[in-house]
Structures are given as C-alpha cells and as structure tokens.
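See structure below.
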Amino acid sequence: MKKLALPFIFCVSTLFYFSCSSDIDNVTDNQEPETISFQLKSMPTDSITKAARMYVLMTQTQDYINFKSSISAFNSKVAPNRVSFSSKSQWMNWITGNISNTGFTTVAQFEGMFDDYVTKFELLHQNNTDLFDLIEQAANDTTALLQIFEPELMPQPEPLGDIEACKEACMDATSTAIDVENHGFVQQLFLAVYYLRDYEFASSAIQDHEMAMNFYIPMDLNICFMECEQNGGSQ
C-alpha cells in the first residue's frame, strides 16, 4: 500500500491513447490512423542520465515556465469539465456548446489561450532540440522515458500509517491510477512529438496530465475519503 502527501484521486478518465499511421502525412481529423508496431530500443544508461539532467535544466528556463503557466491558466478555466481532445478543431466544436460550463467568457478567449499554450510548446521544443533528440533515442522504452520526464510526473503515494481500511482502499486505487497516468503520459508525449510530429497533440497530452494532477485526482480522492466517512468507514 502506498500513500499520498497531497490529495490525489482515483481517476483515469482523462487518459487518452492514440495510434499512428504508417503514412503520417496523410492523417487528418477525419481519418482513423492505423495502428503500427514499434521496434523496441534500449537507451544507454548514460544517455538517460544526460537527458534527465537536461530535462531538469529545461524546467528552469523561462520558456518552460511560460508554457506551464499558460497550460495551468487554460486548465483552470476548463475545469471541472472532464474532457480531452487531440486537436484544435475538436476543442472548438466542444467549447461552442459548453462555454457556459467553463471559466471562459468568450470563444475567442478560449481559442486565444489554446493557441498560446500550443505555440509555447512549439517554442520549448525548438529551443531544446538536443534534449528532444536524446529523448528520441528512447523510442517506446517507457522505463527510460519515465526517468527522463520525472519532473512532469505525479508523485507516488507514501504510507499514510493507521487509517481506516476504506481510506486504505482509496489510496491503493489512487496509486494504481497514478501509475497508469504516468505511463500513459510519457507514451502520449513521445508518440505525439516523434511519430505524429504534432505539437498541438503533444501540448494536449501535457494539458491532460496537468488537469489530472491538479484537478481530477485531488477531487476524486477527496470524494472517496468523504464517502468513507459518510458510510462509517466502508465503501
């Protein structure tokens, strides 16, 4: 059993997966890309260490700070809607009928904030090509990617100590959800950047992960705890 120092949730509803077409340039919003097989590659340990160090340094740059600030501002207005889309056209279709359920005042404001964080991710990528070239060596080696992207991942729970069995179950479920979210996130981000070459899609993967960390996970864990208390410690 593992525990959380901060209130995270049991929720994987924002996690989305995508497959890649063998003919990337022909993929459109109206086409269902074909699934392809990936050749497993093993990234050298020294390359993983170097990439992880460079990633940490990147998180200290103004480009990164600006990007994360833009993502957080966007997410704060989308929450608590549990929606996830992979393209701007899908987002625009959704917001036109749901703006009253968000913190956005106009569709134009929504579009401006969306474009802002996508543009900032493109800039982040362009200014850190050496780092992303190293990341590409990892292919779909999830273990290596998890080590490199560690600053972006959810923290694993730690032992809570003596709590009711019901809350223990909440924490165990949360731990499992965090594992799923973290693995899904690094795979999505890598595939978006290196197979689809789609920075809008990559930004969406980060946006989803941020939303799960900062909104959905705390909300659902708190609900789980509250239900434990309301039901006298039983679910």
Side-chain angles (χ1 to χ4, degrees), residues 4-9 11-16 18 29 55-128 131-132 135 148-155 177-178 181-182 184-193 196 198-223:
L4 260 114
L6 296 174
F8 288 107
I9 61 168
C11 170
V12 292
S13 62
T14 60
L15 188 61
F16 66 93
F18 57 87
D29 286 343
Y55 202 97
V56 169
L57 292 175
M58 184 188 71
T59 66
Q60 299 168 4
T61 65
Q62 194 60 50
D63 285 345
Y64 177 89
I65 292 169
N66 291 342
F67 169 64
K68 294 307 287 286
S69 176
S70 182
I71 281 279
S72 296
F74 181 85
N75 282 343
S76 68
K77 292 185 179 296
V78 171
N81 299 279
R82 300 195 178 206
V83 291
S84 172
F85 303 107
S86 59
S87 70
K88 180 178 178 178
S89 61
Q90 292 173 321
W91 272 110
M92 295 305 294
N93 287 337
W94 177 80
I95 193 62
T96 54
N98 293 277
I99 193 166
S100 61
N101 299 321
T102 71
F104 298 98
T105 55
T106 65
V107 171
Q109 182 193 31
F110 174 93
E111 184 174 18
M113 293 183 71
F114 178 93
D115 289 343
D116 183 60
Y117 83 69
V118 171
T119 299
K120 283 183 168 64
F121 180 80
E122 292 176 354
L123 181 64
L124 187 69
H125 184 270
Q126 292 166 11
N127 290 341
N128 293 275
L131 166 61
F132 284 100
I135 293 171
I148 297 168
F149 292 143
E150 186 174 3
E152 298 288 349
L153 305 182
M154 296 184 189
I178 289 174
E181 172 64 34
N182 284 340
F185 166 70
V186 297
Q187 290 169 347
Q188 291 167 33
L189 184 58
F190 179 81
L191 290 172
V193 172
L196 293 183
D198 187 336
Y199 300 117
E200 182 179 303
F201 213 146
S203 298
S204 179
I206 298 174
Q207 186 259 342
D208 283 353
H209 189 68
E210 286 279 299
M211 188 72 92
M213 284 195 300
N214 296 323
F215 295 96
Y216 301 151
I217 289 194
M219 184 188 309
D220 280 6
L221 182 62
N222 288 338
I223 289 173

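Along the sequence shown, the residues carry numbers beginning at 1.
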Taking only residues at least two apart or on different chains, which pairs with a member in residues 95-106 satisfy salt bridge (charged side-chain N to carboxylate O under 4.0 Å, His left out)? none
Closest contact, heavy atoms only, Gln207 versus Asn75: NE2-OD1, 2.6 Å
Residues that Tyr117 engages under ring-ring contact (aromatic ring centres under 6.0 Å, His included), provided they are two or more places apart: Phe74, Phe114
Nearest-0.5 Å distance that lies between atom OG in Ser87 and atom CD in Glu200: 6.0 Å
Looking only at heavy atoms, which two atoms of Pro80 and Met219 are closest? And how far apart? CB-CE, 4.0 Å
If you take all heavy atoms of Ser203 and Ile71, which pair is closest and at what distance? O-CD1, 4.1 Å
Using the six-membered ring wherever Trp is involved, compare the ring planes of Phe121 and Phe132 and label them parallel, tilted or perpendicular (cut-offs 30° and 60°). perpendicular
Residues which pass side chain to side chain contact (heavy atoms under 4.5 Å, CB included) with Asp116, listed by chain and number, not counting sequence neighbours: Ser70, Lys120
Is there a side-chain contact between His209 and Asn182 in this structure, where contact means two heavy atoms from C-beta onward sitting under 4.5 Å apart? yes
Atom CE in Met92, atom CZ in Phe110: separation rounded to 0.5 Å? 6.5 Å
pair Phe67-Ile206: side-chain heavy atoms closer than 4.5 Å: yes
With Glu152, which residues qualify under salt bridge (Lys or Arg N to Asp or Glu O under 4.0 Å), at least two apart? Lys68
At what distance, to the nearest 0.5 angstrom, does CG of Leu124 lie from CD of Gln62? 11.5 Å
Reported CD-to-OG1 distance for the pair Glu122 and Thr119, which is rounded to 0.5 angstrom: 5.5 Å
Looking only at non-hydrogen atoms, find the nearest pair between Ile178 and Pro155 and report the distance. CD1-O, 3.5 Å
Are Ile135 and Tyr55 packed together at the side-chain level, in the sense that at least one heavy-atom pair is separated by less than 4.5 angstrom? yes
Distance in Å, Asp208 CG paired with Arg82 CZ, rounded so as to fall on 0.5 Å steps: 12.5 Å
Going by side chain to side chain donor-acceptor pair (under 3.5 Å), name the pairs with one or both residues in residues 91-108, residues two or more places apart or in two chains. Thr105-Gln109
Does any pair with a residue in residues 99-115 pass salt bridge (charged side-chain N to carboxylate O under 4.0 Å, His left out), and if so which ones, sequence neighbours excluded? Lys88-Glu111, Lys88-Asp115
Residues forming a side-chain hydrogen bond (donor to acceptor under 3.5 Å, both in side chains) with Asp63, sequence neighbours excluded: Asn127
With sequence neighbours left out, the residues meeting side chain to side chain contact (heavy atoms under 4.5 Å, CB included) with Ala73 are Met113
From Phe185 atom CZ to Phe190 atom CZ, the distance as rounded to the nearest 0.5 Å: 13.5 Å
If you compare all heavy atoms of Ser204 against all heavy atoms of Ser86, which two are closest, and at what distance to 0.1 Å? OG-CA, 4.0 Å
Side chain to side chain contact (heavy atoms under 4.5 Å, CB included) against Leu57, all qualifying residues, sequence neighbours excluded: Gln60
